[in-house]
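Everything on this sheet refers to the single structure shown next.
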Protein chains: 2
Amino acid sequence: MTVEKEAELLSQLSETERQIGDRISDNMSTFGVSSTIGRLLGIIYMNREPMTLDDLAEATGMSKTRMSQVMREMIALNIAEKEHIKGSRKEHYNVENDYVQTFISLFTTNWREVISKNRMFAKKLQQEINEIEKANNGSYEVKAKVEELRKELSKWVAYYNWINNLVEFFESGAIFESVPVETPLENEGEDK
Amino acid sequence: MTVEKEAELLSQLSETERQIGDRISDNMSTFGVSSTIGRLLGIIYMNREPMTLDDLAEATGMSKTRMSQVMREMIALNIAEKEHIKGSRKEHYNVENDYVQTFISLFTTNWREVISKNRMFAKKLQQEINEIEKANNGSYEVKAKVEELRKELSKWVAYYNWINNLVEFFESGAIFESVPVETPLENEGEDK
DNA sequence: AACTTTGTACAATAAAAATTGCATAGATTT
DNA sequence: AAATCTATGCAATTTTTATTGTACAAAGTT
């Protein structure tokens, strides 16, 4: 095979790799995170090695400042981590390389935050309802409304308990008993 | 009880109702949808009756045009529907009034879309890899890269199959066997 | 058929989010 | 301790998204 032809094929291959990165990015946006998060995830994932902010700025053509901001977000979302590489003073960033695990991290991180905010709200709401009920003295209209809100509150609490259990169900791995991950055959297609 | 005091309590109650609406809205934003979607969902939900675009514009202080845009989005997301009320020529919109069901609708609608896009991509990728492999004639580097991509593709396919099964698991209701919804007691607190 | 009413297309504007460049603090090296 | 390197705070800018006002088509009413 000529050198030119080999180079051509290799360039096609790396274009294909880039497309996979794009798809990963697209997938991420379903979680409502900024598209650059997806992009960096895709790039680091396909790179198969931890990368520095400078590497990322180079790979994306974006500013280092932005890389810093985004990596911090990703760490908060539990889908990336700093990795110290000896002999280098730059921070290196790595990402979870299991798609399913990334999915679960994003899902649980996002919802845990919502659950926590809600807990406080439910408590406050409960209190307010109690106070209003106590202050009420015979008004039927107030009583009816209080009753309605109380019912609403209990639906609300039930909902959040459900999500909380759901998050637990994912995070504990119990989900995999019901929805297993098919493990791709290790050497598929090798002796074709 | 004086009329003033009753009015005061009722106003407190409706303020509380508004807060619940806000929370519903906040919860929605975790799905990555625009905040106005959450707002309208909260308003219609708390209203307990289908509402028209004019009602919504009035309730939000926003333009009717925007109401139209947002309701269309909500219908596409499967969390609202048009309801024809006889005697009125205006369209009425109603929302799912079960929190858990709304969660599931959003989850499944969003992910189904991603799954569908991905199916096409995986097919294309498969084809490209095959072609490159066929065109290759002895280059070890190309062969290695092809092998790597093939492996990546199979991880990718496994991931999407998993999400697909997950969506199915939610939509079919099988999820409730593993993560049940606690049904709030119907008459809780009535004879206090 | 003229007149209303209703919903939405479309272009313009406002608001929000993403991105950058510069400045600087805290390390590390010389 | 001076010089260099790295990450990030912050204000300014660019880009994207949300929102509005006007106009108009389709359907309903008189």
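Lettering follows sequence order; numbering is per chain, from 1. Values below: all heavy atoms of this structure, side chains included; hydrogens, waters and symmetry mates excluded.
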Restricting both atoms to N or O, compile the protein contacts to nucleotides 16-20 of chain C shorter than 3.5 Å, with distance only.
| residue | atom | partner | partner atom | Å |
| --- | --- | --- | --- | --- |
| C:dT19 | OP1 | A:Thr36 | OG1 | 3.3 |
| C:dT19 | OP2 | A:Thr36 | OG1 | 2.5 |
| C:dT19 | OP2 | A:Arg66 | NE | 3.0 |
| C:dT19 | OP2 | A:Arg66 | NH2 | 3.1 |
| C:dT20 | OP2 | A:Ser63 | N | 2.8 |
| C:dT20 | OP2 | A:Ser63 | OG | 3.0 |

Close N/O contacts between protein and nucleotides 24-30 of chain C (under 3.5 Å):
none

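Between the CG atom in A:Asp26 and the CZ atom in B:Phe121 there is a gap of 10.0 Å [rounded to 0.5 Å].
In this entry the distance linking NE2 of B:His84 with C1' of C:dG7 reads 14 Å, nearest Å. Between the P atom of C:dT6 and the CG atom of B:Asp55 lies a distance of 11 Å, rounded to the nearest Å. Straight-line distance from the NE2 atom of B:His92 to the P atom of C:dT6: 10 Å, rounded to whole Å.
The neighbour count for A:Gln101 CD, taken as heavy atoms of other residues, nucleotides or ligands under 6.0 Å away, is above 12. Within a 6.0 Å sphere centred on CD of A:Glu148, other residues, nucleotides and ligands contribute more than 12 heavy atoms. Residue B:Glu58 qualifies as open at atom CD: its count of foreign heavy atoms under 6.0 Å is 12 or below. Within a 6.0 Å sphere centred on CD of B:Glu83, heavy atoms belonging to other residues, nucleotides or ligands number more than 12.
One finds a salt bridge joining B:Glu15 and B:Arg18 here, because a Lys/Arg side-chain nitrogen approaches an Asp/Glu carboxylate oxygen to under 4.0 Å.
In this structure, the side chain of B:Thr52 engages the main chain of B:Asp55 through a donor-acceptor pair within 3.5 Å.
Under the salt bridge (charged side-chain N to carboxylate O under 4.0 Å, His left out) test applied with A:Glu133, the options A:Lys143, A:Lys145, A:Arg150 reduce to a single match, A:Arg150.
For the residue pair B:Tyr159/A:Asn27, the side-chain donor-acceptor check at 3.5 Å is satisfied.
If you walk DNA chain D from 5' to 3' and mark each nucleotide with an atom closer than 4.0 Å to a heavy atom of chain B, the marks span D:dA18 to D:dT29.
One hydrophobic cluster, built from ILVMFWY side chains closer than 4.5 Å, cannot hold both A:Leu53 and A:Ile85; they sit in different ones.
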